[in-house]
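Just below is one structure, and these are the notes that go with it.
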There are 2 protein chains.
Amino acid sequence: MYGPFDATYARLSQALAVKLDGAFVSCRNAAMNDRPTTTLDQVARAAGVSPSTVSRILNGTARVSEAKRRSVEEAIAALDYRPNVLAQGLARGRSLTIGVLTQDIASPFYSESLKGIEEALAGTGYAPLFVSGHWDAEEEARKVALLVDRRVDGVIVLTGMIPDDALIATAERVPVAVTGRTLNAPRLIAIDLDHEAGAYAATRYLIDLGHTRIVHLAGVQGHADARARLAGYRRALAEAGIAEDPALIVDGQFNENGGLDAVNALLDHRVSFTAIFAANDQSAVGARLALYRRGLRVPDDVSLVGFDDLPGSLYTTPPLTTVRQPAYELGRLTARVLLHLIDNRPLPALDLPMSLIVRDSAGEPA
Amino acid sequence: MYGPFDATYARLSQALAVKLDGAFVSCRNAAMNDRPTTTLDQVARAAGVSPSTVSRILNGTARVSEAKRRSVEEAIAALDYRPNVLAQGLARGRSLTIGVLTQDIASPFYSESLKGIEEALAGTGYAPLFVSGHWDAEEEARKVALLVDRRVDGVIVLTGMIPDDALIATAERVPVAVTGRTLNAPRLIAIDLDHEAGAYAATRYLIDLGHTRIVHLAGVQGHADARARLAGYRRALAEAGIAEDPALIVDGQFNENGGLDAVNALLDHRVSFTAIFAANDQSAVGARLALYRRGLRVPDDVSLVGFDDLPGSLYTTPPLTTVRQPAYELGRLTARVLLHLIDNRPLPALDLPMSLIVRDSAGEPA
DNA sequence: GCGCAACATGAAAGCGCTTTCAAAATGACC
DNA sequence: GGTCATTTTGAAAGCGCTTTCATGTTGCGC
């Protein structure tokens, strides 16, 4: 037992926590003295021109004499004027905001897509407004409504459980781009990747290595991606003439703990297998820990293949062989396509391949 | 060599990629037929009352006769009316938006704080607007300006490199809450955790286990947290009477690759050590992989302690002993404090402890 | 039934910007 | 120098909401 400090000890799940120090906080809560924000009218007055002229200069909407331009620019600099984007939005009928419904702002997978969206929007004047639905159809609908109420100029939905109908209805008000679905409606664009093919490739890879007893750590029931990946697994087995064993298809819940529990259960029941195909990297990581705890080596004793290629999967021990989903690129593309949809421009060409990334977690069976 | 498919092969960094399938895209780009959005005026007309009355009912600003209330509510339902939040913001002078400057939307550490902010704001009417500064003072300043231009009602800054002055200047326009600094200014609140103490505890823990040759995988130079953690490491050594060996303090860059490279270099140079204290979990994970590649066991051959307690650190092999930073709670608290600052209410009590989470990656030296 | 307070309601003036429309200024040309 | 096309500019009307202010109602006590 460990205990050198004169501190309080607390037994956590499987961790001993030592409380250390509190937070340092500093603040001077001054009297409300909002620095008065300067408006376009003030700039106009200072420059001796009309508000319209200032607006025109700001937006380059029309030609303006050099003299006025200069005096307006001086006034802007002197007053440190910054246009009120809200007011602009109201006047123009566009908010320059793109609403993005993700499921969990901290999801290692979707946050890559958010990054792609951010990147695609950078420099366009649009700012993304991120909201999380937590895989709950109701909450997702509420969050989409929130976006619409804020008059976003477009909505991006990253997968989720919100029904197609709701998305179609939303598309009546504002252009929508959704990933992870196939869907056809006016002012709505759906971008999907071929999860079935990815899963097929992963499973086929294991089969080609010589495995026949392959566990599938399935994703969350009712989730479209989970279904597609299971289908790919099945197709690969069928094609190879390997009979499907229901005992090998277990629930991995798409998360670490699910993978951990599932593999523990498998091992407890003495189910025999030589490889695991996890429906996502997170459950693969959980599975890997369960194997580690039982002293099973990867890939020597058990081969492991994941799905997603999370940034961290390059650094697991051993680095994880997995199906790469181009999450970042998907986000970028989706945002780009949405902008095109908003401007009613022709849609750009699309090409987003899934790919099997072979690292060190799978090998031939012992 | 592996190659069962009739597919293209490509040699990646350390991975063989098999290109699979393209994206499925569906869309019907209908003619622009924006469903006309209904306004408060229309509701008023439909209900046979004045706009003021509708507004009052919407906001509960004043008592209204039961009859009118009912007819307005019917009109709202019939027209499917939703208030325009932008217009409300303009009229009220408040946007109901909180700007949040993070560094990387996909950072596993900071996204926990974002989650906390989201949680704290849920149900308050405020929505967070997330922007990323990428640890670049210039970009951070630009992003903060963007937030101010959108007239956010408050700004949260998660650490970052933006100079204190810039924050103080921002605070003249809008309330600011910043983490990872100690700073005192009007309408600005700074919340910091004690990184030095956390690092001290981690190092002391290793020392108490019997280690004396302890590597410190330092964070990014010039980063305040990195400095504080190094200081804690040093204090623990000094207190224990262990002479500091400069060869043991190496640059881990706060990321996986940095940790990997640093430990590789150490091993290449045959520096002897029995433990590693990494300045964050990401570099610890990189270090762990480097050790794995060399056949060194954790914790049998080398003990490893991280910093942050990322969600994934519970599932590394072995689970990582680390200093827990309450990132989620920090986000929640910061948002809450900011709301108080905005409303000029007394600030809530604060208590955010760091704690050493003992898992399985550190033990007594061999 | 009268006077006054209390209340419910509507008119209208913003919030800070854009944009249409028409007037004023400029310049080209004969 | 006058005419007309072309540009530059400003006045004013919104965008969709809130909020002040004034008006019209109601209710109460006497």
Side-chain angles (χ1 to χ4, degrees), chain A residues 34-73 75-76 79-97 125 148-153 173-174, chain B residues 34-73 75-76 79-97 125 148-153 173-174:
Chain A
D34 263 300
R35 174 172 165 177
T37 158
T38 89
T39 72
L40 182 142
D41 275 10
Q42 295 174 32
V43 172
R45 214 159 307 141
V49 303
S50 76
S52 342
T53 302
V54 178
S55 171
R56 282 191 268 259
I57 291 178
L58 244 39
N59 304 298
T61 323
R63 205 195 318 277
V64 165
S65 79
E66 195 49 41
K68 305 215 180 216
R69 147 162 289 116
R70 189 148 29 225
S71 80
V72 165
E73 273 163 1
I76 288 178
L79 297 175
D80 189 20
Y81 169 71
R82 318 242 41 195
N84 181 332
V85 178
L86 259 63
Q88 291 187 146
L90 184 59
R92 293 194 188 126
R94 309 185 316 128
S95 62
L96 286 184
T97 306
V148 173
D149 289 350
R150 289 190 173 243
R151 297 298 185 270
V152 294
D153 297 329
R173 296 175 166 279
V174 54
Chain B
D34 263 301
R35 174 171 165 178
T37 156
T38 88
T39 72
L40 181 143
D41 275 8
Q42 294 175 33
V43 172
R45 215 160 306 140
V49 303
S50 78
S52 342
T53 302
V54 178
S55 172
R56 282 192 266 260
I57 291 177
L58 244 38
N59 304 298
T61 323
R63 205 195 319 273
V64 165
S65 79
E66 196 49 42
K68 305 216 179 210
R69 145 161 291 116
R70 188 151 25 229
S71 81
V72 166
E73 273 163 2
I76 287 178
L79 297 175
D80 191 19
Y81 167 72
R82 318 242 41 192
N84 181 332
V85 178
L86 258 63
Q88 292 186 147
L90 185 60
R92 293 194 188 128
R94 310 185 317 129
S95 61
L96 285 184
T97 306
V148 173
D149 289 351
R150 290 190 173 242
R151 298 298 185 270
V152 294
D153 298 328
R173 295 178 167 278
V174 54

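So you know, we letter chains A, B, ... as the sequences are listed, proteins then strands, and number each from 1.
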- request: Could you list the residues that satisfy side chain to side chain contact (heavy atoms under 4.5 Å, CB included) with B:R94, not counting sequence neighbours?
  value: B:L96, B:Y126, B:D153

query: What residues form a side-chain hydrogen bond (donor to acceptor under 3.5 Å, both in side chains) with B:R150, not counting sequence neighbours?
result: A:T97

Between C1' of D:dT18 and CD of B:Q88, the distance in whole Å: 9 Å

message: For A:R69, give me all partners under side-chain hydrogen bond (donor to acceptor under 3.5 Å, both in side chains), at least two apart in sequence or on another chain.
response: none

message: Taking side-chain hydrogen bond (donor to acceptor under 3.5 Å, both in side chains) as the definition, give me every residue that meets it alongside B:R70, ordered by chain and number, with sequence neighbours left out.
response: none

- request: Hey, could you give me each pair passing side chain to side chain donor-acceptor pair (under 3.5 Å) that has a residue in residues 40-62 of chain B? Not counting sequence neighbours.
  value: B:S50-B:S52, B:S50-B:T53, B:S55-B:N59, B:N59-B:R92

- request: Send over the distance from A:E66 CD to C:dT26 P, rounded to a whole Å.
  value: 16 Å

message: Are B:D80 and B:T38 packed together at the side-chain level, in the sense that at least one heavy-atom pair is separated by less than 4.5 angstrom?
response: no

B:D149 CG to C:dC17 P, straight-line distance once rounded to whole Å: 11 Å

field: Angle by which the axis turns from one end of the helix from C:dG1-D:dC30 to C:dC30-D:dG1 to the other, five pairs per end, to 10 degrees
entry: 40°

message: Counting primed atoms plus P, OP1 and OP2 as sugar-phosphate and everything else as base, spell out the protein contacts along nucleotides 7-15 of chain D at 4.0 Å heavy-atom distance: B, S or - for each nucleotide, 5' to 3'.
response: -SBBBB-BB

message: My understanding is that only residues two or more places apart in sequence, or in another chain, count here; which of them pass side chain to side chain contact (heavy atoms under 4.5 Å, CB included) with A:A91?
response: none

- request: Mind checking salt bridge (Lys or Arg N to Asp or Glu O under 4.0 Å) for A:D149 and listing every partner two or more places apart, or none if nothing turns up?
  value: B:R82

